[in-house]
Structures are given as structure tokens and as C-alpha cells.
Amino acid sequence: MATVESVKTKDKKREKYIVTTMKRLFKNKLAIVGLVIVILQIILALFAPFMTAHDPSAQNLANRELPVFSEGHWLGTDNYGRDVWSRIVFGARISLVVGITAVSLGLIGGTILGLLAGYYRKLDAIIMRFVDLLFSFPGILLAMLIIAILGTSLVNVAIAISIWSIPTCARIVRGSVLSIKEKEYIMAMRSMGASDLRIMVRHILPNASAPIIVFATMRMATAILSTAALSYLGLGAQPPTPEWGAMISQGQDFMWSAPHLTVVPGIAIMLTVFAFNVLGDGLRDALDPNMDMQE
Amino acid sequence: MNTVETLPPKPEILLELHNVKKYFPIKSGVLKRVTGNVQAVESVSLKLYKGESLGVVGESGCGKSTLGRTILGLEDLTDGKIQFDQQEIQDLKRKEKKKFVKEMQMIFQDPYASLNPRQRVGHALDEVFRMHTDMSAQERKTAVMDLLTEVGLKAEHYDRYPHEFSGGQRQRIGIARAIALNPQFIICDEAVSALDVSVQAQVLKLLKTLQDKYNLSYLFISHDLGVVRYFCDRVLVMYLGNTVEMGNVSDIFKNPLHPYTQALLSAIPRPTVKAKKERVRLVGEMPNPANPPSGCPFHTRCPIAQDVCKVDKPEFIEHRENHFAACHFPG
């Protein structure tokens, strides 16, 4: 009975969704560059103690403001004689940890709010007005406000950035939920008597994952940049923490005598933000729902 | 005396609708005030017997799909009564409804949209058992495999994603999902309309086989009169949310009483050279269901309409045996 139809399915198509996505991602050269930088940074952060010869906060006043490519300090030293390379590597750790914490917290909050708002019409108005309220503050101002309340520390920076990420994330998730919830397979699940929670978690969320993944990647860039900005303003990492933004802030007094103190962490921030952004762009193209599933 | 014994057993009524209405409110303005209603289903009454297929036909927007969804409880009922297995189900709470969910299922129109694209076929079917039974993982797996073979698929299809199947195969998966819990009643909402003609026949055959095997009742929503004629025992014709005619397939196709049914039937293409049957052409569009015409809803397009049709809405009554129509001038 099914002979005519069953022949059509080819084994070729039997590869996992992730594999197809990765293949598409690897066709995008810029995205590969981004991915490589991100992976390098993760390796640096994970193995920071093995990548450096000096303690990032060990002072050596005899070797102050050494320029780049000095012996033993290939990125030079700062005004206290601390090795810049060590500080950059340990700074990568801080940036990643703060970024990941902030983005995941924001993602959890935003996804829950977005799912509820998109799924339940009655909650929609309430939740989205709350989100609008958060939106009405300029991002960095909102973060500063939260830090002013909670006090200056990297943990509070992460919390501030996560709260700032919630409204955008909630909007994105809500939009996807609104379109997915009208699909026939959701109707089918409802006709099967599936609970709302099951429908939201098992059927809507997996199908809304693409924009969430892209958002998370892009938001990593923003989060790292914001951490640096807040630390630069003195609201985040406090000395002697080797945070990139804080390093720029401390280095700017020596702009003329030791420019590498601002340029090197600046390049580190720039590369990271660039990497996460192009990776996010690449993922967006690779995960494009118009390109997947149907052949 | 003997007559009582020789009579065929009276078919049992499975589903009964009394004046079922479904309005969709039109909201406008900042305050979202209700300014009108789209009368998707205006008034539908019907009886569905155990083991029969009742076709529901009508042009797009006549409320056939809404009717199906309303019966299943996917849309809230505006007014009327739905009896299933001699129990009124329209006011049941969600929890009480759960046991009827097992008895009523639906097969959807678009096999490309009715399966979760991120869920393996086996898992989709497994989920049905997981939600409604306490079977162990092993029992569920066996049950899913049995289901797959039952609908003409193979065990190796368990781990595949919906996009790896053809339209016909996907519709088989939809059917497997619908029969998984051994329901008594299945709504087929344009279940074969999206398929190729050759595949349509295979799927219809499968539905017939399943009907004979499990004594299923179908509410077969379709706009394809040919399919309905082949598949159904009785037909219900809808126009603008109203039932205009109902009867056995043979009666309806041979002697349609309502002018709308006559027009529908004359629109079926005939594969003969000779037969030049008069084509009844309808002019104009279907009226807006948010602003339906007075009197008979069909009078704006009816070729035989009189003054009385503009004022009086004809009742849906039995004109011949088991043949109902809502028309002042039937025949």
C-alpha cells in the first residue's frame, strides 16, 4: 500500500538538524573567523593559569610601563609592572563568565516572560507593559541604576546586564510564540489533550530556538562590551581585577607614555565583540527557518 | 410479529449537535469593544451514527472547519448543545473533558504543518501514549511500532523527522496519531485535500479499512464532492454557517433539493464528451459572514429566489425520508 510513497525517502536526508546547521555555518567564512576567535577565547579563559608566566596582579615596580615585545613580557607591562598578557588572558575569563552569566539569566527571564505573554492572551498585556517599562530606560542607564542600588561589583554588573537583556529577549520569544502557536501541529497537540506546559516546553520552545540562539550569541557581544563600559566607568570590576574595561580606564592616564595599556585591551574587546557578532550573524543565516526542514 | 426481528438494528447515535453556533467577536478601537460578530457557524444540528461517515461540504469560509474544531472543543461554543455518547460535553471543564479526548480525534488538512518539525515521528506517537496511558517505555515502543505498521509505514521510520517523509506518509502519521487511543470518532478536516490524487485514494482506502476494523465514525470535512461521494454514507451541505441540506449520499447526488446543492453538484467536472448537463451558475460572492443577509442566507445568489426568501428564513426540515433541506421551494 505504501510502496509508492516509501521509496521516496532518501537516506541522504537522514542527518541531524545540528549537522545541517553546522554545515551551513561553515560555508560562511566570516562566521568561521568569529567561531575561531570565540573558541580561542574560551580556551584562553579555561586554561588561563597555563597560558601565562606571571600572576596578573603581581606588581614589579622595576619593570614599569615596558613596551610591547619586551623580553618576558610580549605585551609589555603596565604602570605597576604587571604583565599585560596575563591580565588580558585573565580578563578574558572575567568577560566570558560575566557575559555567560548575564546572558543566561536574561535568557531564562526573557524566555519565560515571552512564552507566557505569547501563549496566554490575557497575560500578554500585563507582561508586555512591564517589558515596555524596562525598554523605556536607555540600557546603560538602567544598568547604572541597578548597580547604584545593588552596589559596585562584577556580580551586580552581571545582574544588571541580565535585567537589561530581559525585555529584548521577551519580545523576540513572544513574537516567535505568537506565530508558532497558530501552527496546525500545536492545534493537533491541543486536540490530543496536551497540557499548556507540555505544549509550551516541548512543542513551542524547540521551534522557537533559532531566534533565541542567535539572540544569545549577539547578546554575548553586547554583554561583554557593557561589562567593559561599566568597569571603565568604575561601576564594575574594582582594581586590581584584570578586567578589560578597567584596564583601559587605568591605562588612559598613560596614553602618551604607554599607549599599549589602552590599545591592547581595546583590541581584545573589539575582537571579542566582533567575533560574537559575526558568529551570531552566521548562525542567523544558518538557522533560517526558510532554509531548513523543507528539503 | 416477525417484523421486529427482521428489522436491522437501529443505529446508535454517537454524536448529536443541537443548534450549534460559533461566533467570532470583532473587536475594534483602543478598548477592544465588541462591535460585531463573524457568524462562522450560525446554526448546525446533526446526528452522527456509530460506524458511519458523514461528509460536510461547502465552499471555503462556510464554516466547515470551524464546526469540526468546535465539536472537538478547540473553539469555545457560542450557543447550542453537543452530545457525545449521550452526554452533553459543551460545558465540561478541561479535566472532565480529558476522557472524551480519547474518544474524539482529528486528522488535519496540511500534513506538512500538522506534525512538529523538531520531533521524531516515533516520539510524536509515543507522546500520545505518555499523556493518556500508564504504559511502560517498552510497551509504548511496541504500541508505536504496531501503529506504524497499521497505517502502512515501517518500523524503521520511528527515528525519522517529519521532513523526511512525503505528504502521503505524513498524513499516515497523522492518522496513526489519531487512532492511537482507539477513539470512536474522528474528524477528518480536509484530510486528503492536500494530497495527490493517487495518494488520496491510498489514504482514503486506509481510512476505510480502519473504519471497518474499529467501527469508527468519521465527520469528513471536504470541499471535494467526488471524494465525499466515494467515501461517505451521508452528506451535510453548509452555506454561510448554516446547514442547507442533509441526506444519504445517493439521495443528495441524485435528487438535490436545495438550489445551492444543485449548483455545487453541477460544478463537478464530468469526464464525458456527450453529457452536456445544464450548468447552474452562481453569480456573486458569498456574503460577508459578519453581515449575513436577511431571510434565507442564500437568497442573494439563488436562481429561484422569491420575495418570501428575503424575509423568511426557511426551516431545516425533512422533505423526504431522511432527506432534510432548508428551502422554501425545494426540488
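The figures that follow rest on heavy atoms only: side chains count, while hydrogens, waters and symmetry mates do not. In what follows, chains carry the letters A, B, and so on, assigned in the order in which the sequence lines appear, proteins first and then strands, with residues in each chain numbered from 1.
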Which one, A:K183, A:H203, A:E184, leads in non-hydrogen pairs under 4.5 Å with chain B?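 So the answer, after comparing A:K183, A:H203, A:E184, is A:E184.
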Portion of A:R198 that has a non-hydrogen atom of chain B nearer than 4.5 angstrom: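 The answer is the side chain of A:R198.
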Heavy-atom distance under 4.5 Å to chain B: side chain of A:M189, backbone, both or neither?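 When you check distances to chain B, only side chain atoms of A:M189 fall under 4.5 Å.
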Donor-acceptor under 3.5 Å (B:Q87 side chain, B:Q83 main chain):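 No, B:Q87 side chain to B:Q83 backbone: no donor-acceptor pair under 3.5 Å.
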Got a donor-acceptor contact below 3.5 angstrom from the A:Q41 side chain to the A:L96 backbone?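 No, A:Q41 side chain to A:L96 backbone: no donor-acceptor pair under 3.5 Å.
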With a 4.5 angstrom heavy-atom cut-off, is it the side chain or the backbone of B:R69 that approaches chain A, or both, or neither?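 Just its side chain gets close to chain A.
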Where does B:L115 contact chain A at under 4.5 Å (heavy atoms): side chain, backbone, both or neither?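 For B:L115, the contact with chain A is made by the backbone alone.
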Over-ring placement of B:K141 relative to B:F129, 6.0 Å and 45° cut-offs: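 Checked: cation-pi criterion not met.
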Sole residue of B:L207, B:L48, B:I187, B:L54 in side-chain contact (heavy atoms from CB on, under 4.5 Å) with B:Y218: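 The single option meeting the side-chain contact (heavy atoms from CB on, under 4.5 Å) with B:Y218 is B:L207.
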Give the member of B:M106, B:Q119, B:K102, B:M104 that has the highest number of heavy-atom pairs under 4.5 Å with chain A.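 The option with the most such pairs is B:Q119.
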In chain order, what residues pass the salt bridge (Lys or Arg N to Asp or Glu O under 4.0 Å) check against A:K122, with sequence neighbours excluded?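 None.
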